[in-house]
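Report on one structure; see the data block that follows.
Each chain gets a letter, A, B and so on, in the order its sequence line appears, and its residues count up from 1.
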Protein chains: 2
Amino acid sequence: MEATVSKRDKILDAALLLFAERGYDGTTVPMIADTAEVGAGTIYRYFESKEVLVNVLFQECVTRFIGSVSRNYPHAANIRAQFTHIFGGMVRFAKDDIHALHFIETHSGARYLDPKSRETFQQLMDFLHAFVHSGKEQGLIRPLPSDALIAIVFGAFTKMFTLIRAGKITETPELLSQIEESCWDAVRVHSD
Amino acid sequence: MEATVSKRDKILDAALLLFAERGYDGTTVPMIADTAEVGAGTIYRYFESKEVLVNVLFQECVTRFIGSVSRNYPHAANIRAQFTHIFGGMVRFAKDDIHALHFIETHSGARYLDPKSRETFQQLMDFLHAFVHSGKEQGLIRPLPSDALIAIVFGAFTKMFTLIRAGKITETPELLSQIEESCWDAVRVHSD
DNA sequence: GCTACCGGAATGAATGTTCATTCATTATTG
DNA sequence: CAATAATGAATGAACATTCATTCCGGTAGC
């Protein structure tokens, strides 16, 4: 069913755009229907409720994000190369779908997320935790709580991409590489 | 009018708590009334509408934030000392009212903010811009777009305090000082 | 080859609920 | 006993969701 897949995707795309821009509570189902160019009732053929829709979307986005940062992960490489890989994955993910990262950031922790969504997000955190933990063991990453280190990099990165999304700054390879350096300097141990 | 001030404040406190936790769109006026322990109608004696309420609250919070970072600002000191001052101001502000920072972060840029709210927020950005600009001129802060540098520090800091707010990590003077160091390393120029 | 019919997909007006806001009434204060 | 403050039930608007109806692609019968 080609048309079916396409319609479901149009709904998910519209929901992602609107949730990212206005938030879940600020988005109405008729808005999603209009943006997706389907009838309001059609949405309920694919998703039980608005709440189920946001959960499916959240899980899809986070799963794609995990894929972006973990695919081809250089397990044997040194910590700096691993950091570059993760950072590169985040950039690829954010560029590929400019709204998804913002959607994840603004909706992780929301009260309407179901256990499966929370667990999916936890998987992402676990992956990042493992990286940070290994870096701390090698004495190359600061001995701060892993949560804090992840928050620093993730916070800096998402705020950055919000600026890019808003058109306030232009994303270039040089800029991204400098941002990466800046984030790395925030978490690494310094010798001087 | 002791009672009047007190009631207006109770409403603002309740709104801040709920907006920070559930967002503007996820918070209903009756919820605010319940939390503030006033009748729903009472809110409209002090604020024309829910939208006016969120704007007044936003402006108050941002103004207090500006005060926190700019009061006693050491204009003559070196850039590192100025950074410590700003960071300390942010910490004081966040500790003084654990919800205000999160409210500002999640609501700056919202569609219902009026021009005055936007302008107030811009004042905060202008202050931070001036600091970053001066640091870049001295060659002590990285030659990145100011917006990006502010995003890095602000993003890292707010995400960090979200963790503290959620009880995931415990805020201690040592931790805060290490976070400050980490943020500073993210924006400063390195010689090694 | 054409028509009549079938069943799932799509629809949007209708439904019941919840919301922001109002206002007639009650409580408080000076 | 005014005058002012506070209230919460009442109101109309907007919401999420439902469902009777329409649409459409395929196909069985002629």
Side-chain angles (χ1 to χ4, degrees), chain A residues 1-60 103 106-107 110-114 116-117, chain B residues 1-60 103 106-107 110-114 116-117:
Chain A
M1 287 254 152
E2 165 58 34
T4 296
V5 171
S6 160
K7 234 157 234 230
R8 197 189 114 107
D9 284 354
K10 278 178 96 172
I11 292 165
L12 283 171
D13 284 353
L16 176 59
L17 175 72
L18 290 164
F19 289 161
E21 273 177 357
R22 323 182 96 249
Y24 174 78
D25 289 313
T27 301
T28 70
V29 172
M31 267 179 208
I32 299 171
D34 279 359
T35 304
E37 295 174 296
V38 301
T42 305
I43 290 175
Y44 290 86
R45 289 196 57 75
Y46 295 95
F47 306 97
E48 252 182 57
S49 65
K50 188 186 172 190
E51 205 164 306
V52 167
L53 169 58
V54 76
N55 276 282
V56 168
L57 185 61
F58 185 81
Q59 286 155 221
E60 280 197 10
F103 167 66
T106 49
H107 291 76
R111 64 190 185 286
Y112 37 76
L113 289 187
D114 62 22
K116 196 176 167 202
S117 292
Chain B
M1 284 232 167
E2 163 59 34
T4 295
V5 171
S6 160
K7 234 158 237 232
R8 196 188 115 106
D9 285 353
K10 278 178 94 172
I11 292 165
L12 284 171
D13 285 353
L16 176 58
L17 175 72
L18 289 164
F19 289 162
E21 273 178 356
R22 316 180 44 104
Y24 174 77
D25 289 312
T27 301
T28 71
V29 173
M31 266 180 210
I32 300 171
D34 280 359
T35 304
E37 296 174 296
V38 302
T42 306
I43 290 174
Y44 290 86
R45 289 195 58 77
Y46 295 96
F47 306 96
E48 252 183 55
S49 64
K50 188 187 170 189
E51 205 164 306
V52 167
L53 168 58
V54 75
N55 275 282
V56 168
L57 184 61
F58 185 82
Q59 286 155 222
E60 280 197 11
F103 167 66
T106 49
H107 292 76
R111 63 192 186 286
Y112 37 75
L113 289 188
D114 63 23
K116 196 176 169 205
S117 292

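- For Thr42(A), counting side-chain heavy atoms from C-beta on, the closest listed nucleotide (dT11(C), dA5(D), dA16(D)) is dT11(C).
- Distance NZ (Lys10(B)) to P (dA5(D)): 17 Å, rounded to an integer number of Å.
- Taking the six-membered ring for Trp and thresholds of 30 and 60 degrees, Phe19(A) and Phe103(A) have nearly parallel ring planes, at less than 30 degrees apart.
- With dT7(D), dT21(C), dA10(C) as the choices, the nucleotide that has an atom nearest any side-chain atom of Tyr46(A) turns out to be dA10(C).
- Under the rule for a salt bridge (Lys or Arg N to Asp or Glu O under 4.0 Å), the partners of Asp25(B) that lie at least two apart in sequence or sit in another chain are Arg111(B).
- One atom, NZ of Lys50(B), and another, P of dA13(D), lie 18 Å apart when rounded to the nearest Å.
- Shown here is Glu48(A), whose CD atom has no more than 12 heavy atoms of other residues, nucleotides or ligands within 6.0 Å.
- In this entry the distance linking CD of Glu51(A) with P of dC15(D) reads 18 Å, nearest Å.
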Please assess Met31(B) against Arg22(B) for the test side chain to side chain contact (heavy atoms under 4.5 Å, CB included), listing each intermediate value before the final yes or no.
CA-CA 11 Å; Met31(B) 266 180 210; Arg22(B) 316 180 44 104; 3.6 Å; yes

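- Within residues 20-31 of chain B, no residue has a heavy atom under 4.0 Å from DNA chain D.
- Counting to the nearest Å, the C1' atom of dT17(D) and the CG atom of Leu53(A) are 14 Å from each other.
- A sub-4.0 Å separation between OP1 or OP2 of dT7(D) and a side-chain N or O of Lys7(B) is present.
- Under a cutoff of 6.0 Å and an axis angle of 45°, Lys50(B) and Tyr24(B) form a cation-pi pair.
- Here the nucleotide nearest the side chain of Tyr44(B), chosen from dA10(C), dT7(D), dA20(C), is dA20(C).
- Going from atom CZ of Arg8(A) over to atom P of dA9(C) covers 14 Å, rounded to whole Å.
- Put simply, CD1 on Ile43(B) is 12 Å from P on dG8(D), counting in whole angstrom units.
- Distance Ile11(B) CD1 to dA5(D) P: 13 Å, rounded to the nearest Å.
- Remark: Glu21(A) engages no residue in a salt bridge (Lys or Arg N to Asp or Glu O under 4.0 Å) (not counting sequence neighbours).
- Regarding Leu18(A), its CG atom lies at a distance of 13 Å from the P atom of dC15(D), rounded to whole Å.
- A donor-acceptor pair under 3.5 Å is absent between the side-chain atoms of Asp114(B) and the main chain of Val52(B), judged by distance alone.
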